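Report on the structure given below.
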Amino acid sequence: PIEPPSPQEHGLDFQRLLDASTYKEMFRQDMIRWGEEKRHADPGFFCRAAVEGALQPVWVVSDTRRLSDVEWFQDAYGDVVQTVRVVASEETRKRRNWVFVTGVDDTESECGLDQGVAFDWVITNDGDKVALGKQLEMLVQSLHRNL
């Protein structure tokens with residue numbers, strides 16, 4: 001498979017690209033544009049990369065952002081696919097330093113799954129560790145039952 005250019009090739013700090021800093025925001029639109037070009041040429045590009053070499057009975061594919069991604073997994077793996085949406089209130093997101101950016105946060109890469117998917121699980125992550133733990137435990141127990 002074609003590997004994306006590494007952050008190092010572009011002189012970027014990989015760890016800083018993973019957080020919610022202004023550093024990441026400076027490059028976010030370029031990263032989105034690169035991803036869109038790849039998806040336009042091959043809608044399954046990132047999905048295949050996510051599962052390449054995976055042999056475990058349960059996979060967690062995080063940060064899926066588009067209906068076409070969900071559909072790819074459902075087409076490829078059928079009824080065993082469990083969709084999980086993690087949500088947090090806007091207030092919680094702002095406490096975590098999220099700031100809405102027009103032209104970024106209102107694009108498909110950020111809100112492409114806001115419609116069109118009947119999620120099997122919706123997990124709320126508003127900072128209550130006990131509540132989050134209970135929700136995750138229910139999900140894990142369900143996965144174990146279905147193995």
Side-chain angles (χ1 to χ4, degrees), residues 1-7 10 12 14 16-128 131-147:
I2 300 170
E3 293 295 320
S6 71
H10 296 281
L12 303 178
F14 179 71
R16 292 183 68 195
L17 291 174
L18 297 177
D19 63 24
S21 68
T22 55
Y23 181 86
K24 174 185 171 182
E25 292 305 313
M26 292 186 317
F27 302 103
R28 191 171 173 197
Q29 287 183 321
D30 289 336
M31 291 187 297
I32 291 169
R33 188 172 18 264
W34 178 84
E36 293 303 322
E37 290 170 2
K38 289 293 184 191
R39 278 184 185 82
H40 180 69
D42 177 5
F45 177 83
F46 292 105
C47 298
R48 281 191 308 282
V51 301
E52 184 179 330
L55 302 174
Q56 297 78 6
V58 175
W59 311 336
V60 175
V61 180
S62 64
D63 214 15
T64 303
R65 295 171 174 249
R66 289 167 180 75
L67 183 57
S68 61
D69 294 340
V70 173
E71 290 170 342
W72 186 92
F73 281 101
Q74 290 171 331
D75 289 347
Y77 299 103
D79 293 339
V80 300
V81 173
Q82 292 282 300
T83 55
V84 180
R85 182 176 182 110
V86 179
V87 298
S89 69
E90 190 168 324
E91 177 182 306
T92 298
R93 295 173 72 198
K94 286 179 179 178
R95 276 197 317 267
R96 294 173 178 159
N97 298 322
W98 173 76
V99 176
F100 182 87
V101 177
T102 302
V104 174
D105 291 307
D106 52 359
T107 63
E108 184 182 15
S109 70
E110 301 302 313
C111 53
L113 296 177
D114 288 351
Q115 301 175 49
V117 178
F119 287 92
D120 299 302
W121 298 87
V122 177
I123 306 292
T124 301
N125 182 10
D126 273 328
D128 182 336
L132 178 61
K134 287 179 182 178
Q135 294 172 84
L136 293 175
E137 183 59 33
M138 289 174 45
L139 173 59
V140 169
Q141 286 176 9
S142 175
L143 294 173
H144 280 284
R145 283 192 300 272
N146 291 315
L147 287 178

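Everything quoted here is computed from the prediction, not taken from an experiment.
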To the nearest 0.5 angstrom, please state how far the CG atom of Leu136 sits from the CD atom of Gln141.
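With rounding to 0.5 Å, CG (Leu136) is 11.5 Å from CD (Gln141).
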
Would you compute the distance between atom CZ of Phe45 and atom CD of Glu37 and round it to the nearest 0.5 angstrom?
11.5 Å

Output all residues satisfying ring-ring contact (aromatic ring centres under 6.0 Å, His included) with Phe119, sequence neighbours left out; order by chain, then residue number.
none

Any Asp106 side-chain heavy atom under 4.5 Å of Glu110 side chain:
no

Taking side-chain contact (heavy atoms from CB on, under 4.5 Å) as the definition, give me every residue that meets it alongside Asp69, ordered by chain and number, with sequence neighbours left out.
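Partners of Asp69 by the side-chain contact (heavy atoms from CB on, under 4.5 Å) criterion, ordered by chain and then number, come out as Arg39, Cys47, Thr64, Arg66.
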
Pairing residues for Asp114 by the side-chain contact (heavy atoms from CB on, under 4.5 Å) criterion, not counting sequence neighbours:
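For Asp114, the residues satisfying side-chain contact (heavy atoms from CB on, under 4.5 Å) (neighbours in sequence not counted) are Arg85, Cys111.
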
According to the salt bridge (Lys or Arg N to Asp or Glu O under 4.0 Å) rule, which pairs have a member within residues 116-127, sequence neighbours left out?
none

Listing request: all salt bridge (Lys or Arg N to Asp or Glu O under 4.0 Å) pairs with a residue in residues 53-63, at least two apart in sequence or in separate chains.
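Listed once each, the pairs are Asp63-Arg65.
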
Please list all pairs meeting ring-ring contact (aromatic ring centres under 6.0 Å, His included) that have one or both residues in residues 48-93, counting only residues at least two apart or in different chains.
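Found Trp59-Tyr77.
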
Do Gln74 side-chain atoms and Val81 backbone N/O form a donor-acceptor pair below 3.5 Å?
no

Please confirm whether the backbone N or O of Ser142 pairs with a side-chain atom of Asn146, one donor and one acceptor, at under 3.5 Å?
yes

Qualifying residue for side chain to side chain donor-acceptor pair (under 3.5 Å) with Thr92, from Arg96, Glu90, Lys94, Arg95
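Exactly one pass, corresponding to Arg95.
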
